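Have a look at the structure below before the remarks.
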Amino acid sequence: MPDVVSRYEWEQHVDIGYGTGVTAAEMRAVGADEINRFNHRIRAVLEYVQAFASGSVTDDQQANLAEHFEHDATMGISMLASHYIATAMLLEGFDASLERSTFIG
């Protein structure tokens, strides 16, 4: 499975991120794949989701995620990731336009 990148999905979630306390610097760090700046719990999610999106989750990444989250939460993280991958692919296929004029990521 190829890596899925969706500027549209990224932009749709910027305000949600701000509303939950994510800073612009943290968003840029995720966009630049600089996830080492995050704590172990958040980094476990980011590493897992990046691998999930490219179809390359390892046993170590799965175990690391399970160290920080219960089974139901790991399933939820996987389901949510799969939803956004499918949405990104659909939006890319339909060439959806951004609603913002400036790309945050």
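Please read these numbers as outputs of a predicted model, since none were measured by experiment.
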> Of the options Ile85, Ile77, Leu80, Leu65, which is the one that meets Phe52 in a side-chain contact (heavy atoms from CB on, under 4.5 Å)?
Replying inline: Ile85
>> Is there a path of hydrophobic side-chain contacts, each under 4.5 Å between heavy atoms, that joins Ile42 and Val30?
In response: yes
> Near His83 NE2, under 6.0 Å, is it more than 12 heavy atoms from other residues, nucleotides or ligands?
Replying inline: yes
> Looking only at heavy atoms, what is the nearest atom pair of Met27 and Val14, with distance?
Replying inline: CE-O, 3.3 Å
> Heavy-atom distance under 4.5 Å between the side chains of His71 and Thr74, does that happen here?
Replying inline: yes
> Closest heavy-atom contact between His68 and Ala44?
Replying inline: CD2-CB, 3.6 Å
>> Would you compute the distance between atom CZ of Phe69 and atom CZ of Arg41 and round it to the nearest 0.5 angstrom?
In response: 3.5 Å
>> Which residues pass the side-chain hydrogen bond (donor to acceptor under 3.5 Å, both in side chains) test with Thr58, not counting sequence neighbours?
In response: Gln61
> Can you tell me if CG on Asn39 sees more than 12 non-hydrogen neighbours from other groups inside 6.0 Å?
Replying inline: yes
> Taking atom CZ of Arg43 and atom CD of Gln50, what is their separation to the nearest 0.5 Å?
Replying inline: 11.5 Å
> Shortest non-hydrogen contact from Ala29 to Arg37?
Replying inline: CB-CD, 3.1 Å
>> Hydrophobic clusters here meaning ILVMFWY residues chained together by side-chain heavy-atom distances under 4.5 Å, can you tell me if Met75 and Val49 are in one?
In response: no
> Looking at residues at least two apart in the chain, or sitting in another chain, which of them share a ring pair (Phe, Tyr, Trp, His ring centres under 6.0 Å) with His13?
Replying inline: Tyr84
